[in-house]
Amino acid sequence: MAMNVRTVRGALKRFTPLQASDWISKKKGFCCKMSTEAPSLTHTITLPNKQNEPLHIVAAPGVSHSDFWSAVECSLFKQWLHNLQTENGVLADGTMILRQVLIQGVDMFGKRIGFLKFKADIFDKETGKMVPGVVFARGPAVAVLILLESEGETYAVLTEQARVPVGRIILELPAGMLDDDKGDFVGTAVREVEEEIGIKLNVEDMVDLTAFLDSATGCRVFPSGGGCDEEISIFLYRGPVDKEIITQLQGKETGLREHGELIKVRVIPYKKLWRTTADCKVLVAVALFEMAMKEGLLPPLST
């Protein structure tokens, strides 16, 4: 049967030849190459005050099934969702909408999630523009300003540690993350001092400097709110000691070696503290301490 030349040319134009990568060679014949990519893990929820705005939670490539569901159920993620809806939360006044969260990475600390990385797609309803939403979640932490009085001089006790993210050895306040969801900030502070400095403090002698902040702030400080959810409570301990204690502490090696904590204790005259280190916890603690002293908010020195 005769065929029109134009018909044949049109058919040839619509025909796309298979590339070599579309086939897998065999000793006998060929077989079609099949995709091995697994479908994305997804979960949809609605926030209590946003019933008409479904939130899609999606796993990025490489995130395992177990890591994805651990992330969705962990306290870090739930607390972040809660913060969005508080009085000062991003979603509180209804001008913004959260449409999707992409879970990108999970770091386990034993059986619990230590660090969680995700990207939140939050849009301004009026302009349609997306707000920067890359989140490194690590949760609440504590730090302690230890001031020791000896022979008329006040000394601050710091730790010296290798901090890989900044590529430097840093002098900083004894500090640590909360290990559970119980919110025992002062207990964690006392424990961190014992682990990192090697001295035992009484819970009753600790003063929460961040508690002096206005209640609207949440009474914690945010060291890097543009990318991290970390919120820190800063405590103060003051007490008199013999000069021998200062000497014993200087250069002492401490830390949980099994956890990779290679810490040296450094004792610095308090009057030099503000310019000795760039650790923001130190600088915030100094500011809070000085203002609390100025306004007469601190209890008498421990004996």
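In what follows, every heavy atom counts, from backbone to side chain, and hydrogens, waters and symmetry copies are set aside. Predicted, not measured: the structure shown is a model, and the values here were computed from it.
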Before you tell me yes or no, could you show the steps for Thr95 and Asp93 under side chain to side chain donor-acceptor pair (under 3.5 Å), namely the whole-Å CA-CA distance, both residues' side-chain angles and the distance that decides it to 0.1 Å?
CA-CA 6 Å; Thr95 60; Asp93 62 1; 2.8 Å; yes
Could you walk me through whether Leu158 and Leu173 pass the side-chain contact (heavy atoms from CB on, under 4.5 Å) test, one step at a time?
CA-CA 5 Å; Leu158 305 180; Leu173 294 185; 3.8 Å; yes
Evaluate the criterion salt bridge (charged side-chain N to carboxylate O under 4.0 Å, His left out) for residue pair Arg191 and Glu196; output intermediate values, then yes/no.
CA-CA 9 Å; Arg191 184 172 63 254; Glu196 296 190 358; over 6 Å; no
Given Glu53 and Arg99, is the salt bridge (charged side-chain N to carboxylate O under 4.0 Å, His left out) satisfied, shown in steps?
CA-CA 7 Å; Glu53 300 174 358; Arg99 291 179 178 166; over 6 Å; no
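Listed here is the closest heavy atom pair of Val193 and Leu201: CG1-CD1, 3.7 Å. In terms of heavy-atom proximity, Thr44 sits nearest to Pro54 at CG2-CB, 3.9 Å. When every heavy atom of His43 is checked against every heavy atom of Val72, the shortest pair comes out as CD2-CG1, 3.8 Å. Between Leu116 and Ala71, the shortest heavy-atom contact is CD1-CB, 3.6 Å. Scanning both residues, Leu301 and Arg238, for their nearest heavy atoms gives CD1-CB, 3.2 Å. Across all non-hydrogen atoms, the minimal contact from Gly251 to Arg266 is CA-NH1, 3.7 Å.
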Which atom pairs, one a donor and one an acceptor, fall under 3.5 Å between side chains of residues 210-222 and the rest of the protein, sequence neighbours left out?
residue	atom	partner	partner atom	Å
Thr210	OG1	Asp208	OD1	2.5
Thr210	OG1	Cys219	O	3.4
Thr210	OG1	Ile234	N	3.3
Asp214	OD1	Ala216	N	2.8
Thr217	OG1	Asp214	O	2.6
Thr217	OG1	Cys219	N	3.0
Arg220	NH1	Glu231	OE2	2.6

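From Lys264, atom NZ reaches atom CG of Leu171 across 11.5 Å, with rounding to the nearest 0.5 Å. In this structure, CD1 on Ile199 lies 8.0 Å from NZ on Lys252, to the nearest 0.5 angstrom. If you take CG on Leu91 and CD on Gln85, they are separated by 6.5 Å, rounding to the nearest 0.5 Å. Note that CG of Leu81 is 6.0 Å distant from CG of Leu84, once rounded to the nearest 0.5 Å. Rounding to the nearest 0.5 angstrom, the gap separating the CD1 atom in Ile197 from the CD1 atom in Ile146 is 5.0 Å. One distance of note links CG of Asp242 with CD of Glu244; it measures 7.0 Å at 0.5 Å rounding.
Criterion: ILVMFWY side-chain heavy atoms under 4.5 Å apart, direct or through other members. Under it, Met177 and Val282 are not part of a common hydrophobic cluster. Tracing side-chain contacts under 4.5 Å through hydrophobic residues (I, L, V, M, F, W, Y), one reaches Met130 starting from Ile97; they form part of the same cluster. Leu236 is not connected to Met206 by any chain of hydrophobic side-chain contacts under 4.5 Å among Ile, Leu, Val, Met, Phe, Trp and Tyr, and they are in different clusters. There is no path of hydrophobic side-chain contacts, each under 4.5 Å, that joins Val157 to Leu209. By the criterion of side-chain heavy atoms lying less than 4.5 angstrom apart, applied directly or through intervening Ile, Leu, Val, Met, Phe, Trp or Tyr residues, Val265 is grouped together with Val190 in one hydrophobic cluster.
Residues in residues 268-278 take part in these side-chain hydrogen bond (donor to acceptor under 3.5 Å, both in side chains) pairs, two or more places apart or across chains: Tyr270-Glu290. Applying the side-chain hydrogen bond (donor to acceptor under 3.5 Å, both in side chains) rule to pairs touching residues 166-176 yields Arg163-Glu172, sequence neighbours excluded. Among pairs with a residue in residues 123-176, those fulfilling ring-ring contact (aromatic ring centres under 6.0 Å, His included) read Phe115-Phe136, at least two apart in sequence or across chains.
A donor-acceptor distance shorter than 3.5 angstrom exists from the side chain of Lys125 to the backbone of Gly94, with no hydrogens or angles considered. Panel note: side chain Asn202, backbone Asp205; no donor-acceptor pair is recorded below 3.5 Å.
Here the side chains of Leu288 and Val286 are not in contact, with every heavy-atom distance at 4.5 Å or above.
Residues passing the salt bridge (Lys or Arg N to Asp or Glu O under 4.0 Å) test with Asp229: none are found, sequence neighbours excluded. Partners of Lys243 under the salt bridge (Lys or Arg N to Asp or Glu O under 4.0 Å) rule, at least two apart in sequence or in another chain, do not exist in this structure.
Below 30°, between 30° and 60°, or above 60°: for Phe77 and Trp80 the angle between ring planes is below 30°, a parallel geometry.
None of Asp121, Val90, Leu55, Val131 except one satisfies the side chain to side chain contact (heavy atoms under 4.5 Å, CB included) rule with Leu98; the exception is Leu55.
Ser70 and Asp67 form no side-chain donor-acceptor contact under 3.5 Å, judged by distance and modelled atom types alone.
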